[in-house]
Structure formats: C-alpha cells, structure tokens
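Notes follow the structure.
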Amino acid sequence: MTAMPLSVPVMRLPHGADLPLPAYATAGAAGLDLIAALPEDAPLTLDPLARAAVPTGIALALPDGFEAQVRPRSGLALKHGVTVLNAPGTVDADYRGEVKVLLVNLGSEPVTFTRGQRIAQLVVAPVTVIQLTETGDLEKTTRGDGGFGSTGLDGGAGSR
Ligand SMILES: O=c1ccn([C@H]2C[C@H](O)[C@@H](COP(=O)(O)OP(=O)(O)OP(=O)(O)O)O2)c(=O)[nH]1
Ligand SMILES: [Mg+2]
C-alpha cells in the first residue's frame, strides 16, 4: 500500500472480544474480511433461500465523507451459493451499531456458519454528497431515455 491508510476507529463488542479484527487477507486486498461473531456453541445453518443478519462483533466510526460496503465473498458464492442479500450493504458514516452481514443461501443445500468464519468483506469508499437542483428541462443526449437493453443484448457493435 502506497498511500497512508485512513484511520477508522473500531470497537470490539463483548461477543466479539476474543475474535481477531477484520483484516486484509493480502497486501493488495480491497476488502477487510468480516468475521462471524456467532456463539461458539450455536452455529448458524441457512437452509436454501433462508437469510439471516449475522453479527460481526464490531462497531465503527467511519469518518465523514466515507461509507463501508458489505460485499459477498466469491468463494462462498461459488462453492455454496451464499451471498449478501443487500449487496453491497451500506454502512453509513454516522452508524454506531454493530456491523451485520445479511447472508442469504441461494444454493440447493443447507450451509452452516461457525464462529470466527470469514463471511463477507468490507470495502471503505468515499461518498459524493450531491445537492439536487430541480429543473424542467434536462440536457439532451444521444441515448435519451433509452435503457434496459436499448443498445442490444448481443456482443456489441463489432458482432452486429
Ligand atoms: O449490510 C448492512 C447494511 C446496513 N447495516 C447497518 C449500517 C447502516 O448504516 C444501517 C442502515 O442501513 P440501510 O440504510 O441500508 O438500511 P435502511 O433499511 O435504510 O435502515 P435505516 O432506516 O436505519 O437507514 O444498518 C449493516 O450493518 N449491514
Ligand atoms: Mg437507510
């Protein structure tokens, strides 16, 4: 990492006191892996199409102007069909509650999660705050109001 990392205050909650803090798995990773702070003696099993808000045992104080996105791990998605239902989940800068991961099992088999398992990843990103300026007349473009497949669904201009 070349730039100075952004310092983000984190608080370990009582049920996550003995768990490691979320960490980058490699030097170039974009996301910190979030850990399931489930009770040791109560793993969570998600049946197909079931969902749950999984505790991570941490709370953050993101600096103003930033958000944290809760994103799926591709390994869980590929191997088990498990993803983050509201991906990317949004952790607001003013949120002081526990970061939770809304997991859903889109696979065909039940999947069990245990305490300490890495279940998702947290990517911190800048937020652009906008001010809406109302007008009765938007600037014209070639696309206009075309969308939702208006340019075709094939391989693009080269294959037409
Ligand atoms: O995956 C997520 C999504 C949200 N949150 C927390 C942090 C976020 O700041 C808060 C609210 O999230 P969001 O705005 O997505 O939910 P909402 O349904 O709009 O709730 P609210 O009315 O509280 O904003 O819930 C999480 O911990 N994990
Ligand atoms: Mg909201």
Side-chain angles (χ1 to χ4, degrees), residues 1-135 138 145 147-149:
M1 191 172 286
T2 46
M4 274 288 285
L6 179 77
S7 179
V8 176
V10 60
M11 206 169 73
R12 255 188 271 227
L13 302 173
H15 57 282
D18 61 328
L19 291 173
L21 285 174
Y24 295 105
T26 64
L32 301 133
D33 286 326
L34 291 170
I35 291 164
L38 293 162
E40 191 80 60
D41 58 355
L44 168 74
T45 297
L46 286 183
D47 288 331
L49 294 184
R51 61 182 185 269
V54 183
T56 64
I58 59 156
L60 301 173
L62 289 164
D64 273 349
F66 290 87
E67 60 152 343
Q69 301 173 5
V70 181
R71 300 194 195 169
R73 294 189 70 203
S74 64
L76 277 177
L78 180 63
K79 287 185 198 141
H80 300 291
V82 169
T83 189
V84 174
L85 183 57
N86 56 328
T90 305
V91 179
D92 300 289
D94 57 356
Y95 179 70
R96 295 293 174 271
E98 180 173 19
V99 174
K100 293 190 178 168
V101 178
L102 189 38
L103 289 181
V104 61
N105 179 5
L106 301 182
S108 51
E109 302 294 331
V111 183
T112 297
F113 302 91
T114 56
R115 182 175 181 81
Q117 193 175 342
R118 292 176 296 148
I119 49 169
Q121 55 189 320
L122 192 78
V123 175
V124 174
V127 170
T128 302
V129 177
I130 65 160
Q131 184 173 24
L132 291 172
T133 52
E134 193 169 6
T135 172
L138 298 173
D145 61 2
F148 310 97

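Whatever order the structure lists them in is the order used to number ligands and atoms, beginning at 1. Values below: all heavy atoms of this structure, side chains included; hydrogens, waters and symmetry mates excluded.
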Going by the order shown, which atoms of ligand 1 are within less than 4.0 Å of some heavy atom of [X]?
X   : answer
G89 : 1 (O)
V99 : 27 (O)
E98 : 27 (O)
V91 : 7 (C), 8 (C), 9 (O)

Does even one non-hydrogen atom of T90 get within less than 4.0 Å of ligand 1?
-> yes
Looking at [atom], is any protein heavy atom nearer than 4.0 Å to it?
atom                    : value
atom 17 (P) of ligand 1 : no
atom 20 (O) of ligand 1 : no
atom 28 (N) of ligand 1 : yes

Polar-atom distance check: Y95 versus ligand 1, any N or O pair below 3.5 Å?
->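 Not met; the criterion fails.
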What is the nearest protein non-hydrogen atom to [atom], stated with its residue, atom name and distance?
atom                    : answer
atom 1 (O) of ligand 1  : N86 ND2, 3.1 Å
atom 9 (O) of ligand 1  : D92 OD2, 2.6 Å
atom 26 (C) of ligand 1 : K100 O, 3.6 Å

Greater than 12 external heavy atoms within 6.0 Å of R51's CZ |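 Open.
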Here's a test for you: under side-chain contact (heavy atoms from CB on, under 4.5 Å), which of [options] qualifies with [X]?
X    : options             : result
Q117 : L76, L38, V54       : L76
I58  : L13, L21, L19       : L21
P72  : V101, L85, T83, V82 : T83
L122 : V70, T56, V8        : V70

Atom CG in D92, atom CG in L60: separation rounded to 0.5 Å?
->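 It comes to 11.5 Å.
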Where do F66 and V127 come nearest, in terms of heavy atoms and distance?
->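 For F66 versus V127, the nearest heavy atoms are C-CG2, 3.8 Å.
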Heavy-atom distance under 4.5 Å between the side chains of T112 and P43, does that happen here?
-> yes
Got V104 and L106 here, is their nearest side-chain heavy-atom distance under 4.5 Å?
-> yes
Is it the side chain, the backbone, both or neither of L102 that has a heavy atom closer than 4.0 Å to ligand 1?
-> neither
